[in-house]
Amino acid sequence: MSAPVTPHLPYAIGDLQGCAASLEQLAAKIPASAGLRFVGDLVNRGPASAQTLRRVREMGARAESVLGNHDIHLLAVAAKVRYPGQSDTLDALLHSADCDDLLDWLRHRPLALVENGFLIVHAGVLPQWDVDQTLELAAEVERELRGPGWKGFLADVFGNKADRWHDGLRGIERHRVVVNALTRLRFCTAEGVMDFKTKEGAGSAPAGFMPWFNVPGRRTADTTVVCGHWSTLGLVMRPDLMALDTGCVWGGKLTAARLAPQLSEREVIQVECPAWRDPSA
Ligand SMILES: [Mn+2]
């Protein structure tokens, strides 16, 4: 009798930002039958956004990615409802023959997902939201992005004034807060008011603000939230948090972590990455 085949646990992978070569190096170190769950920002700043999207898309059911702020920015630029940024590296992708197919695939990705009991988002969750509410709010935005009015939705959804949640929010004001929290959050107050200016590490919180994952009583505290987005934070592995943006595009590392129930079994795999961008430039 042959031994039963134990399926490999999936791995979560940090922000790629167009670093397709680093993805190849990292993927070679992960069991081929293990699922891959990307924390978003597949594109921009790095050298090969189109190739990165192609590779993740080609993985089919093996891979899934949540949407990050750069992914949503790309969709809005492609829809011509938002200007490109000075540091964008999206032109080659936008002019590639398969651009429409790649963006159509990207537009259908989730903003939050649960895998093996882990809640995966790009940036963070507000302290008032539990796992179920986070998934419901993400699904509201996913419906808009997948529907016929997606370009108009993207024309309206950006806005820094949408910095706090309350249950009575409706329509685009509601969805602005959801997108800001899931794709851009780093610091917020104990009441969940978000800051969008500070990008330095956890010790640089403005007065009255703290990293979203340190808010006392946050309603996802009994879940391990997996996120990226915050390269100056570095790798964090604690019972309630797995932060995986280790600055691949900036010449740091690309990180994968095994989504195992026990903290001690959450194997970390990393590859060194060439610096494509200088964060001070
Ligand atoms: Mn990001």
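Both ligands and their constituent atoms are indexed starting at 1 by order of listing. Computed from a prediction, not measured in an experiment: that's the story for all the values here.
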Could you tell me whether W150 atom CH2 has more than 12 heavy atoms of other residues or ligands within 6.0 Å of it?
-> yes
Does any donor atom in the side chain of D88 or H73 lie under 3.5 Å from an acceptor atom in the other side chain?
-> yes
Can you name the one residue among K253, M242, Q270 that meets side-chain contact (heavy atoms from CB on, under 4.5 Å) with L235?
->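 Testing L235 for a side-chain contact (heavy atoms from CB on, under 4.5 Å) against K253, M242, Q270 leaves exactly one candidate, Q270.
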Can you give the angle D41 OD2 - the Mn ion (ligand 1) - H122 NE2, rounded to 10°?
->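 Vertex the Mn ion (ligand 1), arms to OD2 of D41 and NE2 of H122: 90°.
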CG-CG distance between L67 and L182, expressed to the nearest 0.5 angstrom |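 So the CG of L67 and the CG of L182 are separated by 10.0 Å.
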Flag T183 as yes if one of its N/O/S atoms falls below 2.8 Å of the Mn ion (ligand 1), otherwise no.
-> no
Closest to the Mn ion (ligand 1), which N/O/S atom of H229 is it?
->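 Atom name of the closest N, O or S in H229: ND1.
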